[in-house]
Student: 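One structure is given below, represented as structure tokens, and several questions about it will come after.
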Amino acid sequence: MTTAYYSFQQHFTHDTGEDHPEHALRILAIEQELKKRGIWPQLDVREGQTANLPDILRAHSPGYVEQLQLIQPQQGHIYVDEDTPMSAGSLEAARYSVGTCTLALDNLLKGQHQNAFAAVRPPGHHAEHRKSMGFCFFNNIAITALRAAEVHYLLRIAILDFDAHQGNGTVDILKNDTRFLILSSFQHPFYPYTHYQVDRYNNLVNVHLDAGTGSEEFRHKIREHWEPALRGFAPELILVSAGFDAHRDDPMAELCLLDDDYRWLGKWINRYCVEKNIPWLAMLEGGYNLNALGRSVSEFIAQMLKR
Ligand SMILES: [Zn+2]
């Protein structure tokens, strides 16, 4: 049983323009650091694929998907919200992000891997049922979770999201659906400032982190709030919105996690999955300081290799 690493070349066609923090070098920085640390040869490296439309339509409205196709520019950029540029290749890349995550899911559930990391862009967790936002078009993790439930008939799927920003889109799509437990930690109050950060849903555990929160308090809150909820839920699969922008060096948030906190998170999740003998899949969300991103992902993936 392997740890798989999935990515795809088509993400280069999602051109966010100069000076946008979400760009193709992020994936290259991750791969360069994995190679530098000797982790790369230990991974089962796989190429992603494009998405099936029925998978996307489990999470997004048909009108929304059609509208995105209509507004995609032939050249240059348009902005679908104040933060989210779309170029001629953006939707192709977004479809590959989805398809790569669902391919990784299918292969995990066939028993090909113990766990997998999908280095995808554009990210997905801010995309709501009928709304693009925060660099996201299609909600990769919600689509993957719905496929796990409706194609693979899993009954209990846990979603862990430790990105610095709350995955409002994931909550929008999966709220109150008790096949899914969403465990989320994020800077609060902070972007995306939606009601999902404070409202109560019966399948959502929000962990609010004050600006400046560091390692000790973060780990304490995860142990206190996530761990009992996860154990009580007893998932058959864990999906992770793996955003690395809560790092102290990241320019997009004001949290103060260190490389070692991503080692700790990878170890914590992997130990639970090894103990319960369940598969897990992490997909990239945020992380915008290239050096911190490469190091943090490498610390995280090194723990995925532990058996
Ligand atoms: Zn983020």
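Computed from a prediction, not measured in an experiment: that's the story for all the values here. When a ligand or atom number is given, it counts from 1 through the structure's own listing order. Computed over heavy atoms, backbone and side chain alike; hydrogens, waters and symmetry mates excluded.
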Student: Between His14 and Tyr96, is the ring centre distance below 6.0 Å?
Tutor: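 No, ring centres 6.0 Å or more apart.
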Student: Side chains of His23 and Tyr288: is there a donor and an acceptor less than 3.5 Å apart?
Tutor: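 No, Tyr288 and His23 have no side-chain donor paired with an acceptor closer than 3.5 Å.
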Student: Within the stated cut-off of 2.8 Å, is an N/O/S atom of Asp163 closer than that to the Zn ion (ligand 1)?
Tutor: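 Given the 2.8 Å cut-off, Asp163 counts as a ligand of the Zn ion (ligand 1).
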Student: Is the distance between the ring centroids of Tyr272 and Trp280 under 6.0 Å?
Tutor: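 Ring centroids of Trp280 and Tyr272 are no less than 6.0 Å from each other.
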Student: Is the distance from the Zn ion (ligand 1) to some N, O or S atom of His125 under 2.8 Å?
Tutor: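 So His125 does not bind the Zn ion (ligand 1) by this criterion.
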Student: What N, O or S atom of His165 is found closest to the Zn ion (ligand 1)?
Tutor: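 For His165, the N/O/S atom sitting closest to the Zn ion (ligand 1) is ND1.
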Student: For the pair Trp264 and Trp268, name the ring-plane relationship: parallel under 30°, tilted 30 to 60°, perpendicular over 60°.
Tutor: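 The rings of Trp264 and Trp268 lie parallel, inter-plane angle below 30°.
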Student: For the Zn ion (ligand 1), find the closest N/O/S atom on Asp245 and give its atom name.
Tutor: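 Of all N, O or S atoms belonging to Asp245, OD2 is the one nearest the Zn ion (ligand 1).
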